[in-house]
Amino acid sequence: MTDSQADLVLYGSPVSPFVRKVSAVCLEKEVDFDVEPVDVFNPPQWFRDISPMKRIPVMRDRSIAEDGTAGTIPDSSAICAYIEKKHPSPALYPENAFAHGRALFIEEFADTNLAASGGLGIFRPIFFAVTQGKEPDLDKARGTWAEQLPPILTYLDTTLGDEEFFAGGQLSIADITVACVFMQISLVAETPLDDYPALAAHFERMKARPSIAGPFAKADGFIRKALPERFDLT
Ligand SMILES: N[C@@H](CCC(=O)N[C@@H](CS)C(=O)NCC(=O)O)C(=O)O
């Protein structure tokens, strides 16, 4: 990011894994972007107009339109695909047709299954409770970690196998999405991955990338103010 206005602005918050996913794509491609905060739970009318699903992120390309719905795209997957077309290098979607399809599926799997379990089942029952002055719902979070996460993590671990990346032998949208969405859990809890060695190693490699580490550090700094310690879910 620079001091001058970037063409791309993301409306949302770095606490959202989907905002961090788009941020990571921009950082990998060295595309300037701004993040403009929006309270998605009490959004202003202008945001409702550009976010028909009332979700963050929504992206605006200011080179197309500076206001209104023109120039805006909601949904992290649509936004990332747009950025790939506009800034093709380095490619974050495999060239090979089958690998491309696999990458899109892993992105979708992380965006839906992993995000629903990790976000609704762990992050929200802990963090939202604490910010509302309530006790964190550790029973729900522990139940989710014990029952919902294992089949999802097993699928990701076995899919990865001996490979460094999820699809096409290169960093892709699949790796970025899995890392950003899984790291949502580690904002509030310890995430031991001893039973999933391939995924554990992938996660460590991804965490070492500035595109993943930078946006995560911003989210972590924000979360730690309300929640100094991570919980043990085991
Ligand atoms: N599929 C969407 C999911 C976006 C999403 O669920 N964002 C959450 C924040 S992490 C949100 O806006 N939630 C608002 C709500 O639940 O009302 C994407 O990839 O952008």
Side-chain angles (χ1 to χ4, degrees), residues 8-28 31 33-61 69 71-85 92-93 103-132 137 140-141 144 148-149 152 156 166 172-189 191 211-212 215-223 226-227:
L8 299 189
V9 55
L10 298 180
Y11 301 115
S13 156
V15 172
S16 161
F18 305 105
V19 171
R20 296 200 302 277
K21 169 185 162 189
V22 180
S23 302
V25 165
C26 290
L27 290 166
E28 289 288 344
V31 171
F33 66 102
D34 297 324
V35 177
E36 228 175 82
V38 168
D39 177 0
V40 72
F41 298 109
N42 187 21
Q45 187 57 47
W46 66 264
F47 183 76
R48 290 175 191 272
D49 294 342
I50 64 172
S51 183
M53 294 186 287
K54 203 166 86 58
R55 295 271 191 274
I56 53 170
V58 174
M59 180 219 68
R60 172 182 299 285
D61 187 337
T69 52
T72 64
I73 299 176
D75 190 273
S76 66
S77 300
I79 298 167
C80 291
Y82 171 72
I83 295 169
E84 175 80 3
K85 275 276 184 205
L92 292 177
Y93 293 75
L104 294 185
F105 171 68
I106 296 295
E107 176 188 24
E108 173 61 16
F109 184 71
D111 274 351
T112 52
N113 280 29
L114 184 58
S117 298
L120 302 181
I122 296 177
F123 179 81
R124 288 192 184 197
I126 293 179
F127 186 66
F128 282 23
V130 169
T131 53
Q132 290 162 9
D137 190 347
K140 181 169 172 86
T144 303
Q148 288 185 26
L149 264 299
I152 296 172
L156 291 172
F166 274 105
S172 78
I173 192 66
D175 306 288
I176 289 171
T177 308
V178 169
C180 291
V181 173
F182 183 72
M183 284 169 87
Q184 194 68 7
I185 305 174
S186 59
L187 285 172
V188 296
T191 53
S211 65
I212 301 293
F216 181 78
K218 280 192 188 142
D220 194 56
F222 181 82
I223 299 288
L227 201 73

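Both ligands and their constituent atoms are indexed starting at 1 by order of listing.
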Would you mind checking which non-hydrogen protein atom is closest to [atom], with the distance to 0.1 Å?
atom                    : result
atom 6 (O) of ligand 1  : R55 CD, 3.1 Å
atom 2 (C) of ligand 1  : D75 OD2, 3.4 Å
atom 10 (S) of ligand 1 : S16 OG, 3.3 Å
atom 20 (O) of ligand 1 : S76 N, 2.8 Å
atom 13 (N) of ligand 1 : R124 NH2, 3.5 Å
atom 4 (C) of ligand 1  : I56 O, 3.2 Å

Looking at every non-hydrogen atom in both residues, tell me the closest pair between V188 and I122 and how far apart they are.
CG2-CG2, 4.1 Å
Enumerate the atoms of ligand 1 whose separation from the nearest heavy atom of [X] is less than 4.0 angstrom.
X   : answer
V40 : 12 (O), 14 (C)
P17 : 10 (S)
P57 : 20 (O)

Should R60 and E36 count as an ion pair when the cut-off is N to O under 4.0 Å?
no
Return yes when atom CZ of F222 has more than 12 non-hydrogen atoms of other residues, nucleotides or ligands closer than 6.0 Å, and no otherwise.
no
Just checking F128 against F41, ring centres under 6.0 Å apart?
yes
I212 and M183, any side-chain heavy atoms less than 4.5 Å apart
yes
Can you tell if the side chain of K21 reaches within under 4.5 Å of the side chain of S77, non-hydrogen atoms only?
yes
One should read off an interatomic distance between I79 CD1 and F33 CZ, to the nearest 0.5 angstrom, of 12.0 Å
